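The analysis underlying the following values was restricted to heavy atoms, covering all of them including side chains, and did not include hydrogens, waters or symmetry mates. All values reported here derive from a predicted model rather than from experimental measurement.
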Amino acid sequence: MSSNDLVGSIFRHQFPVPAEAIDGNGHVNNVVYLQWMQDVAVMHSDAVGCTVATRAAGCTWVARTHTIEYLSPALAGDTLLLSTWVADFRRVRSMRHYEFHREWDGKLLARGQTDWVFLNVASGRPGTIPEGIRNCFELS
């Protein structure tokens, strides 16, 4: 069973590692970490009203870069605590950080970041992030 929690600037999502996330090496596949990062970013955005505000502005967020540092493997049946927070806003970009911890011992398994670009859907071009969208998040 999964659960979500927002404490200050940090959004947390706790969930079990499903068997289908495991690759031929017996641990969570690197592509799955990336999907979880995107999923938790959307959950956080939904929770603070940013998704609705972004759509109302005729915009969307697209990834410019992702980085992930793998420190220790996650295995099927592990319960993970994925934390994310917005670190900054620049004119058209925003940096978001992520940490994956194993629930039972708190061990940091991986960390990452995504540089998101605020994009106008109609023009397909980056746009200045409105103050109302910036205000959805408390920066860390």
Side-chain angles (χ1 to χ4, degrees):
M1 175 166 206
S2 65
S3 65
N4 297 330
D5 184 24
L6 179 63
V7 176
S9 61
I10 300 174
F11 182 84
R12 294 182 292 205
H13 176 61
Q14 185 175 343
F15 62 99
V17 173
E20 56 270 12
I22 305 304
D23 64 16
N25 293 320
H27 55 71
V28 173
N29 185 276
N30 60 319
V31 174
V32 175
Y33 280 95
L34 183 59
Q35 182 65 58
W36 288 338
M37 287 166 55
Q38 179 174 304
D39 292 347
V40 77
V42 171
M43 287 180 216
H44 186 196
S45 183
D46 289 348
V48 299
C50 181
T51 303
V52 170
T54 298
R55 286 187 187 133
C59 294
T60 191
W61 291 94
V62 296
R64 182 170 188 257
T65 60
H66 297 287
T67 59
I68 306 171
E69 180 181 16
Y70 305 100
L71 304 168
S72 194
L75 309 173
D78 281 346
T79 298
L80 300 185
L81 180 60
L82 172 48
S83 300
T84 187
W85 61 95
V86 175
D88 69 23
F89 285 106
R90 287 152 286 155
R91 190 176 69 78
V92 300
R93 293 168 36 200
S94 178
M95 185 64 70
R96 176 181 284 278
H97 292 269
Y98 311 84
E99 288 186 350
F100 293 84
H101 289 264
R102 188 170 43 223
E103 189 270 334
W104 69 269
D105 65 355
K107 184 171 185 166
L108 179 63
L109 303 181
R111 60 181 157 228
Q113 60 186 31
T114 301
D115 191 13
W116 291 98
V117 177
F118 192 70
L119 195 74
N120 181 290
V121 174
S123 71
R125 302 197 42 87
T128 301
I129 302 166
E131 195 65 30
I133 290 173
R134 292 171 181 260
N135 291 337
C136 290
F137 297 99
E138 187 177 319
L139 298 182
S140 280

Inset, instruction - For Ala76, enumerate each residue passing the side-chain contact (heavy atoms from CB on, under 4.5 Å) test, keeping only those at least two apart in sequence or located in another chain. - result: Ile22
Inset, instruction - Using the test salt bridge (charged side-chain N to carboxylate O under 4.0 Å, His left out), find all partners of Asp88 that sit at least two apart in sequence or belong to another chain. - result: Arg90
Inset, instruction - Have a look at Thr114 and tell me which of His97, His66, Arg64 forms a side chain to side chain donor-acceptor pair (under 3.5 Å) with it. - result: His66
Legend entry - Straight-line distance of Cys136 SG to Phe89 CZ, nearest 0.5 Å: 7.5 Å
Legend entry - Centroid-centroid distance, Phe15 to His13, less than 6.0 Å: yes
For residues 29-41, dump all side-chain donor-acceptor pairs below 3.5 Å to protein atoms at least two apart in sequence or in another chain.
unit_1: Asn29; atom_1: OD1; unit_2: Val31; atom_2: N; d: 2.8
unit_1: Asn29; atom_1: ND2; unit_2: Asp23; atom_2: OD2; d: 3.4
unit_1: Gln35; atom_1: NE2; unit_2: Asp39; atom_2: OD1; d: 2.7

Inset, instruction - Could you tell me whether the side chain of Asn120 and the main chain of Ala122 form a donor-acceptor pair under 3.5 Å? - result: yes
Legend entry - Worked verdict on Arg12 versus Val7 for side-chain contact (heavy atoms from CB on, under 4.5 Å): CA-CA 8 Å; Arg12 294 182 292 205; Val7 176; 3.0 Å; yes
Inset, instruction - Quick one: name the residues clustered hydrophobically with Trp85, using the 4.5 Å side-chain heavy-atom rule over I, L, V, M, F, W, Y, and just say none if it's on its own. - result: Ile10
Legend entry - Contacts of Tyr98 that satisfy ring pair (Phe, Tyr, Trp, His ring centres under 6.0 Å) - sequence neighbours left out: none
Inset, instruction - Scan for ring-ring contact (aromatic ring centres under 6.0 Å, His included) pairs involving residues 121-140, sequence neighbours excluded, and state none if there are none. - result: His44-Phe137
Legend entry - Candidate pair Leu119 and Trp61, rule side-chain contact (heavy atoms from CB on, under 4.5 Å), full reasoning: CA-CA 6 Å; Leu119 195 74; Trp61 291 94; over 6 Å; no
Inset, instruction - Please report the closest heavy-atom contact between Arg134 and Ile129, naming both atoms and the distance. - result: NE-O, 3.2 Å
